[in-house]
Amino acid sequence: MPYQDFKDPATAQAWDADNRSYNPARMEQLDMLITLIAAAYQPGKAILDLGIGTGLVEELLFHRVPEAFVVGVDASPAMLARAQQRLQPYAAQYVALEHDLTAINSLQLPGHAYAFVFSVQTLHHLTDEQMQTAYRFIYDTLEPGGLFLLLDRIAVEKAGLYDCYQHLWARQDRLHDSHVAVNEGATFSDHQRIVAERGDLPLGLERHLQLLTAAGFEAACLNLQTNRALVAGRKQKETA
Ligand SMILES: C[S@@+](CC[C@H](N)C(=O)[O-])C[C@H]1O[C@@H](n2cnc3c(N)ncnc32)[C@H](O)[C@@H]1O
């Protein structure tokens, strides 16, 4: 896949048309993420989505949690325009902010009690240093006891295990009629080149957990399918 410029309306349209064939785990992991929010959401609280895109996740979320309120951030006017169309029936339930997450510290959020922050397939566009800043921002934004959920691509780091990834991607392709094995690259060096050409900067799983812990979270990976992870971070409750 070539460089993904989400500000390009053609890329926004392509993402809307097909956001599964590159990632057959997406719908199951999204269902897990929404399950975790649905289990604990309290009306009146806010949910922050870093990378709302075209509103696909919110459409699923509002279906399962009809009273949910979301503040969604994205840098792409083309993606946000599509979100506005998609989420018309839920116009009172979300606020969209155009902002570049590489400068997250200048993001001015509306004043709410944020019980959840989540990010789906977005933060892998940030460098390691920007991720450190983002995790601190997320920690500071959440109310005590709040939950951060990351669903994202993580780095494939072990060249000696690349054949195992390939076999499991080929299995996914067999089950889901997808093309992951080819799209991710036949060899480890092909894979690294493809990831770089796409403009992705995924961190390894251990690094995510390390950075989340350093930001103050209690952190764990809840689900991992090859290089797609659902990671959770809990901000501690206030102690009396
Ligand atoms: C693959 S899409 C995912 C959208 C949505 N979370 C979903 O799962 O359907 C990635 C999104 O991240 C946004 N994005 C990428 N880099 C960004 C940045 N630096 N700041 C804000 N948004 C960014 C893109 O505009 C795009 O909407």
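Every number for a ligand or one of its atoms is a count from 1 in the order of the listing. Residues take their numbers from the sequence shown, with the count starting at 1.
- Residue contact check: Thr102 has heavy atoms under 4.0 Å from atoms 19 (N) of ligand 1.
- Side-chain rings of Tyr135 and Phe148 approach one another, their centers coming within less than 6.0 Å.
- Residue-ligand proximity, Gly51 to ligand 1, at heavy-atom distances under 4.0 Å covers atoms 4 (C), 5 (C), 6 (N).
- Contact analysis leaves Lys7 out of contact with ligand 1, as no non-hydrogen atom separation drops below 4.0 angstrom.
- When all heavy atoms are compared, the tightest approach of Asn105 to Phe137 is OD1-CD1, 3.8 Å.
- Partner of Glu143 under the salt bridge (charged side-chain N to carboxylate O under 4.0 Å, His left out) criterion, out of Lys235, Lys237, Arg234, Lys45: Lys45 alone.
- Checked for salt-bridge contact, Glu28 and Arg228 miss the test: no charged N lies under 4.0 Å from a carboxylate O.
- Remark: ligand 1 and Ile52 share no N or O pair separated by less than 3.5 Å (distance only, no angle test).
- Protein heavy atom closest to atom 19 (N) of ligand 1, with residue, atom name and distance, is Asp100 OD1, 2.8 Å.
- Hydrophobic clustering keeps Leu56 apart from Val71 (ILVMFWY residues linked when any side-chain heavy atoms are closer than 4.5 Å, directly or through intermediates).
- Here the two rings, on Tyr22 and Trp15, have centers that are 6.0 Å apart or farther.
- Considering backbone and side-chain N/O atoms, Leu56 never comes within less than 3.5 Å of an N/O atom of ligand 1.
- Residues Ala12 and Thr54 come closest through the heavy atom pair O-CG2, 4.3 Å.
- Judged by distance alone, the side chains of Asp74 and Ser76 never bring a donor and an acceptor atom under 3.5 Å apart.
- Nearest to atom 13 (C) of ligand 1 by heavy atom, out of Asp74, Leu123, Leu101, is Asp74.
- Those atoms of ligand 1 that come under 4.0 Å of a heavy atom in Val57, given as number and element, are 7 (C), 8 (O).
- Under a 4.0 Å criterion applied to the non-hydrogen atoms of Met79, ligand 1 contributes the atoms 26 (C), 27 (O).
- The backbone N or O of Lys7 lies less than 3.5 Å from no partner atom in the side chain of Thr11, so there is not a single donor-acceptor pair.
- Of all protein heavy atoms, the one lying nearest to atom 9 (O) of ligand 1 is Arg26 NH2, 3.0 Å.
- When hydrogens are left out, the protein atom nearest atom 22 (N) of ligand 1 is Ala75 N, 3.2 Å; that is the closest non-hydrogen contact.
- Protein heavy atom in closest approach to atom 11 (C) of ligand 1: Thr122 OG1, 3.6 Å.
- Of the N or O atoms in Gln121, none lie within a sub-3.5 Å distance of an N or O in ligand 1.
- Numbered from 1 in the order shown, with element, the atoms of ligand 1 that lie under 4.0 Å from a heavy atom of His99 read 20 (N), 21 (C).
- Checked against a 3.5 angstrom limit, the closest N/O atoms of Val120 and ligand 1 fall inside it.
- Each of Arg86, Met79, Gln85 was evaluated against Asp16; a single residue qualifies, Arg86, per the side-chain contact (heavy atoms from CB on, under 4.5 Å) test.
- Here the straight-line distance linking atom CG of Leu203 with atom CD of Gln132 works out to 9.0 Å at 0.5 Å rounding.
- Looking only at heavy atoms of the protein, atom 15 (C) of ligand 1 is closest to His125 CD2, 3.4 Å.
- Residue-ligand proximity, Gly53 to ligand 1, at heavy-atom distances under 4.0 Å covers atoms 4 (C), 27 (O).
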